[in-house]
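Report on one structure; see the data block that follows.
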Amino acid sequence: MDKFRMIFQFFQSNQESFMNGICGIMALASTQMYSAFDFNCPCLPHYNLAYGLGILLVPPFILFLLGFVLNNNISMLAEEWRRPQGQRGKDPAVLRYMFCSMAQRAMIAPVVWVSVTLLDGKCVTCAFCTSVPVETLGNASHPRLSQGEIQRLLARIPCKEIYNGQQLIANEVAVRYLRCISQALGWCFVLLMTTLAFLVRLLRPCFSQAAFLKSRYWSHYIDIERKLFDETCTEHARSFAKVCIQQFFEGMSMDLVAARCHLPRKAPAEAEEAAEKLLGITDQGTMNMALKSWHRCKPPLHLHPPALPTGNGWAGEGQPRMHPSAPQKETAAYYSWV
Amino acid sequence: MDRFRMIFQYFQSNSESVMNGICGLLALASVKIYTSFDFSCPCLPQYNMAYGLGIMFVPPFILFLCGLILNRQSLVMLEEWRRPPGHRKKDLAVIRYMCSSIMQRAMVAPVVWIIVTLLDGKCLICAFSGSMDPEKFVGFANMSTVQVQQLLAKVPCKDDELVRNNTSRKAVSRYLRCWSQALGWSILLILIIAAFLARWLRPCFNQAALLQARHWSNYIDIEQKVFEETCCEHSRLFAHKCILHFFESMRQEIKLHSFSLPREGEGAEGGEDLLQGITDQDQVNKLLKTWYYEKPPLDVSQAHQR
């Protein structure tokens, strides 16, 4: 279990390995989708080609786009591409590296779909059944039929139950022929893709290895920098919120103390710490008021410096305009609800 | 750093195991692909041989290329081969060792495919049924050449109406399958004997050179991994410093513009240390906008000179 956790952590920490994982999952999902998909050839002369080629080519395009959408780095690439130059130059080699690595990963699921489709054979059988060479494969003697009739007959080849052209050409012969062509195409396609991948991956160290190392380093750097910046902003937002809320409660408790001048100061010493944490809000009514006030009248996004809470401490000292003299109004606002 | 060290130790001890694992997975994948592949011989005189031999040899080539692509060590070996000598000489024995170990691992899946294909028999029946001598089989003896060719080509298709109940078809099929399985088992035997001899006789020849080559090839692999890990760590630290300096410069800019930000409050509240002097919605917005429009230069030494 420990080893699995280490492996999982390794994959998570290494963005590229994580993307490889997503890419493998999408490839598996693509084979599952294909096997779950209920292929239904229309068996009509003009529709077969459109349906067959549509099933062959449209889902891969969708999977390709999905591969980009699921890749977190696409927004990073877009940001790096569109940002103004500022004090930091832009390196087109880094952008090219990022785009290439994303495109390569996004290509895997579509290639798997096309390969599985071709190796299975149903799509090509459906799309090209009207182009079967009847002269070579069919029976020598068959009743003379018009071109349209022949087309309609041949279009029904994929649908064995309604096929009625056994005299023209045997169904099994035609299906075997088409499937053989489809599988040959499929294996050739896979061979071509594998050879391309081989050349791209293994010829690269022979050329421009130093430039590649540079692009890879800076592309990882941009990714890490973005994550660290987000983390720092989150930390900052957390501290901001903490101080903001603390000041809100302090403001409330000060107002309460000012309003109830008769609050007895007989809290024992050991309970003072706990009482401090309560920030002066010690009963249901006051808590409800605080919650209502938090909802209706959130404090401004401006943390006043921790100066002494005198009556005039708010004004002056170069307060930015975001901080109006709201406290007095706030006091009036929630007291009217009491 | 501790996490990196744990992960790194895992890979260091298991570098060869990882490669063996990939090699085994590819072999299993090759069997699985063969069983799920719907072999359908075209049963036509001109196409049978091409289809049968194609299915027997093209997928192993693809698997071989996949074995090379998926093996990390092939990249390492190529880099070592093509790098300029610099201060470090190149040792050809190491490169040869790496090359041979990569090739051996890449050959496993293709060999598994070919053996499974031969033991199953369908490919050979499909490819060579048309090349059978019809005189040997009773059912095909007294026919014209063209007819015989047609019938022989249809032997792999059991359900074809022409040869469905033909006993000679079964005879041809059995004959070819017998040859196919004999070939398969023979190849398997030869390969296992070769592997056995190679493994057991290797220590008799030049064991010291082998140990050296293996050690340095592992070293090159590990060195590259460590370099990548160090680069990752370095870019993390670089980014950290860069961002801190960015926040610092924003804080200084804010100080310049709002002269009255009191300094006595600093450090009074623990939470405010992390705020780095940015305590206002406008200031945060300005910070985020500046981050986008003017990213800081990639030079963290400047801060020391300020």
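Here is how names work: the chains are called A, B, and so on, in the same order as the sequence lines, proteins then strands, and each is numbered from 1. This one's a predicted model, so the numbers in the text were calculated from it and none came from an experiment.
With values rounded to the nearest 0.5 angstrom, B:Phe246 atom CZ is found 11.0 Å from A:Thr232 atom OG1. Summarising the geometry, atom OG1 belonging to A:Thr194 is positioned 8.5 Å from atom CG belonging to B:Leu63; distances are rounded to the nearest 0.5 Å. Atom CG of residue A:Leu202 and atom CG of residue B:Leu65 lie 9.0 Å apart, to the nearest 0.5 angstrom. The structure places OG of B:Ser235 at 8.5 Å from CH2 of A:Trp218, a figure rounded to the nearest 0.5 Å. Between the CG atom of B:Leu44 and the OH atom of A:Tyr177 there is a distance of 8.0 Å, given to the nearest 0.5 Å. Between atom CG of residue A:Leu213 and atom SG of residue B:Cys231 there is a gap of 8.0 Å, rounded to the nearest 0.5 Å.
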### Message
As a quick check of understanding, evaluate side-chain hydrogen bond (donor to acceptor under 3.5 Å, both in side chains) for B:His234 and A:Tyr221, giving each step before the final call.
### Response
CA-CA 9 Å; B:His234 182 270; A:Tyr221 172 81; over 6 Å; no
### Task
Applying ring pair (Phe, Tyr, Trp, His ring centres under 6.0 Å), run through B:Phe37 and A:Trp187 and close with a yes or a no.
CA-CA 11 Å; B:Phe37 175 63; A:Trp187 283 118; 5.6 Å; yes
#### Entry: Test log, rule side chain to side chain contact (heavy atoms under 4.5 Å, CB included), inputs A:Cys188 and B:Val58
CA-CA 8 Å; A:Cys188 289; B:Val58 168; over 6 Å; no
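A 6.0 Å sphere centred on NZ of B:Lys158 holds no more than 12 heavy atoms belonging to other residues, nucleotides or ligands. Crowding of B:Phe61 atom CZ: a count of heavy atoms from other residues, nucleotides or ligands under 6.0 Å not exceeding 12. Within a 6.0 Å sphere centred on CZ of A:Arg238, other residues, nucleotides and ligands contribute 12 heavy atoms or fewer.
Under the 4.5 Å side-chain criterion, counting only non-hydrogen atoms from C-beta, B:Cys41 is not in contact with A:Arg176. In this structure, the side chains of B:Phe247 and A:Phe229 come closer than 4.5 Å at one or more pairs of heavy atoms. Two residues are said to be in side-chain contact when any heavy atoms from C-beta on lie closer than 4.5 Å; A:Gln209 and B:Glu79 meet this criterion. With contacts defined as side-chain heavy-atom distances shorter than 4.5 Å, the pair B:Leu78/A:Arg204 does not qualify. Residues A:Arg179 and B:Asp38 form a side-chain contact, since some pair of their non-hydrogen atoms from C-beta on lies under 4.5 Å apart. In this structure, A:Cys180 and B:Tyr51 have side chains that are in contact, with non-hydrogen atoms separated by less than 4.5 Å. With a 4.5 Å cut-off on side-chain heavy atoms, A:Val173 and B:Lys154 count as touching.
For B:Ile69, the parts lying near chain A are the backbone and the side chain together; criterion is any non-hydrogen pair under 4.5 Å. With a 4.5 angstrom heavy-atom cutoff, A:Thr136 does not touch chain B via any of its atoms. Interface remark: A:Ala184 contributes no atoms to any contact with chain B (heavy atom separation under 4.5 Å). There is no contact between A:Leu178 and chain B, counting heavy-atom distances below 4.5 Å. For B:Ile33, the part lying under 4.5 angstrom from a heavy atom of chain A is the side chain only.
B:Cys232 approaches A:Ile224 most closely through the heavy-atom pair O-CD1, 3.9 Å.
For the set B:Cys66, B:Cys157, B:Ala50, the entry with the most heavy-atom pairs within less than 4.5 Å of chain A is B:Cys157. Heavy-atom pairs under 4.5 Å with chain B peak, among A:Glu79, A:Met193, A:Glu172, A:Gln183, at A:Gln183. The candidate with the highest count of non-hydrogen atom pairs below 4.5 Å against chain A, out of B:Ser74, B:Pro59, B:Ser36, B:Gly54, is B:Pro59.
Under a 4.0 Å N-O distance rule, the pair A:Glu225/B:Arg236 does not qualify as a salt bridge.
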